[in-house]
Participant: 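Sending over a structure as structure tokens; questions will come in a sec.
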Amino acid sequence: MSTDAAEKTAPQPRSANNGNVTKRLQTELMTLMMSPTPGISAFPNDDLLNWTATISGPDGTPYANLTFKLSFEFPANYPYAPPTVLFKTPIYHPNIDFSGRICLDILKDKWSAIYNVQSVLLSLQSLLGEPNNASPLNGQAAELWDKDPVEYKKLVLARHKDLADEELAGL
Amino acid sequence: MDHRLDIADSTDWIGTPLAPFQSLENALRCQVCKDFYDTPMITSCSHTFCSLCIRKALTSDGKCPACRASDQASKLRRNWAVQEIVDAFQAARPAALKVAQEHGSLKEGREGRRNKLKRGFQDTNPEDQEEELSFQSRKTRSQSRRAAAAASSQEVDDIMDGEEEHQPDDGLVPCPICNTRMKEEAVYAHLDRCDGQPSSQGRSTRSRSSATTLKPPPRQSLPQQLKATTPPSERIPQLSYSILKDNALRKKLQELGIASWGPRPLLIRRHTEWVNLYNSNCDSSRPRSKRELLAELETWERTQGGSAPNAGSAPAGVMRKEFDGQAWARSNHDHFEDLIAQARKKMIPTDAAKEDQTGDHATGTTQEPPDQDMGDKSKPATVNGERNTAPNGQISGSRDNPYEGNEEALSIIRKKVEAANNGHSTRRSSTEDEDVPMANALLPSEQARAEEMQDSIEPLSAPSRRSPLSPTRKKPMFSVPEEPVEDYETETQAH
């Protein structure tokens, strides 16, 4: 239904009319393209208000050498409200649930208008290495993080592999 | 947006000899909108943002976006120095960038990413290099001079603007001596007492008078002082919405001359937006007319306000926690039924077609097609023994149809054929009119397959499709002749 609605309302007038959001996102895109930061990337889909991004797991963490895909959806009053960010790649992490929703303060109440796609991606990258185990979405992961790093890493890899399988099945 | 492709951006400097300008330019851009500061305002915590940006940010959470210190819109102060720097930089930017990019390309088009004039020039000769360097520095100096000139002309413009356009439309007139603004009828009484000194009416008045009474110093400080005299038109006070009843709120909106329809939350949001727009316009040294502001509010209404496509709904892709699936299913029951019915409708003809195929296969070629078209087509088919044509236009099963039973592949092909036929219908039908018999005789299998495919796509249009001259008749684009290509050619020559 959601995709249906999106098609009906035709993203074009929405993005074309809302000059401020569009302009800001264009600038962000330009910066990302022209001075890329290693380990992160982002690009809009058909609509400038919907982006797909990737981050690579930081070295020295259980997520090293893994790449994660995310989706960004920007509200019409961006940057005064945070974008909706979801992990599209299945990920095993204390602060991310199995449908990819992220518990990160700067994406909720601590959002500030000066944040941008790049800073959000960098924050998420560091969240991978430093989970906030005080308020977990995935209790098991929070527990294992300290208790059993080996098992944790195993679960991370297993969960990441799910995607590879799913993608293969989809193709 | 028209300027989608040529947004000035700090990354323009990357790869040019003036690469450090990137950080300079970044410093001159607002962190919220990422654009050059427009009417920069400084907060109590000494951070600078565009007036509209910081006002919007403060109304959304009451905190400075940079440091999260609490602040209020009423405590914002203008930051004229930044405004002036930005104006000057923007004026100098195109010239500076042009010079920088030209140099980037001269230097054997090294990583200069936007250099379209890449030349295969290799600067291996140290002398060349030296020469170039000196050239560059010379160029840079002259460029900065040009920039200064541009900046000064910009400032002159500002002065003109300030004199001509920035008369606030508040019904007051300035005293010709001290420039204090007052009601027209009060001017004469005031002139009797006026000593040329400004009355204590706030800093903007004072700075204006100093600019006019003291001989204006050369341009450097003049524009700044003149700018400071910009319209002291009244800011709209923010309302404490909680103590206002709906009707009182509506009345307030009407008084402000903005739309007053919609539910209370929308009224509040619209009022907030308008206050921000209006007050930031008051801050501006180049204020816009109220009509422009209203147009901007209209844009807001379309994109975020009451006329927005999905105002207030959750972003798509995430199901809300309290989402009631059953209620959703109930309320959309009709829609779902519709979709199911449509899907069924599509299913049934396909099934029927399959039954036809098997049935016809049994009867074989004994039935003679009723019309000429069918006769044309069925003759070679019978001769080849490959396909049997039934009177209803259905093709019975063939011996070696690789797609038979492969519903997935068939559906893909059907889609392609349909698309191709729709896209080329006019052209194809016109050519077909001329050599229909030939085409029919030549390509029986192709024709037959076209029939087959069209039947499965739109079974209801079968009767109208029969006549060979009918414009609705289409040949498929993507069907493969079953006979070898040579056969096709020899037959063509024979005709």
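Just so it is clear: chains get the letters A, B, ... in the order the sequence lines come, proteins before strands, and each one is counted from 1.
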Participant: Quick one: sort the B:Phe89 and B:Phe36 rings into parallel, tilted or perpendicular, breaks at 30° and 60°.
Facilitator: tilted
Participant: Please work out whether the ring planes of B:His47 and B:Phe49 are parallel, tilted or perpendicular, with thresholds of 30° and 60°.
Facilitator: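 It falls in the tilted class, 30° to 60°.
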Participant: Need one label for A:Asn116: side chain, backbone, both or neither, based on atoms under 4.5 Å from any heavy atom in chain B.
Facilitator: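 The side chain, not the backbone.
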Participant: Find the one option among A:Asp109, A:Thr31, A:Asn50 whose heavy-atom pairs under 4.5 Å with chain B are most numerous.
Facilitator: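 Among A:Asp109, A:Thr31, A:Asn50, the one with the most close pairs to chain B is A:Thr31.
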Participant: Go through B:Gln22, B:Lys56, B:Arg29 and name the one with the most non-hydrogen pairs under 4.5 angstrom from chain A.
Facilitator: B:Lys56
Participant: For B:Cys30, which atoms come within 4.5 Å of any heavy atom of chain A: side chain, backbone, both, or neither?
Facilitator: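 Answer is neither: B:Cys30 stays 4.5 Å or more from chain A.
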Participant: Can any side-chain N or O of A:Asn45 pair as donor or acceptor with the backbone N or O of A:Asp47 at less than 3.5 Å?
Facilitator: no
Participant: Between B:Leu52 and chain A, which part of the residue has a heavy atom less than 4.5 Å away: side chain, backbone, both or neither?
Facilitator: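 The answer is the backbone of B:Leu52.
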Participant: At a 4.5 Å cut-off on heavy atoms, which part of A:Tyr78 comes close to chain B: side chain, backbone, both, or neither?
Facilitator: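 Nothing of A:Tyr78, per the 4.5 Å heavy-atom cut-off to chain B.
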Participant: Side chain of A:His93, backbone of A:Val156: donor and acceptor closer than 3.5 Å?
Facilitator: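 No: the side chain of A:His93 does not pair with the backbone of A:Val156.
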Participant: Where the side chain of A:Arg24 meets the backbone of A:Pro79, is there a donor-acceptor pair that is under 3.5 Å apart?
Facilitator: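 Not at all, since once roles are kept as given, no pair shorter than 3.5 Å links the two residues.
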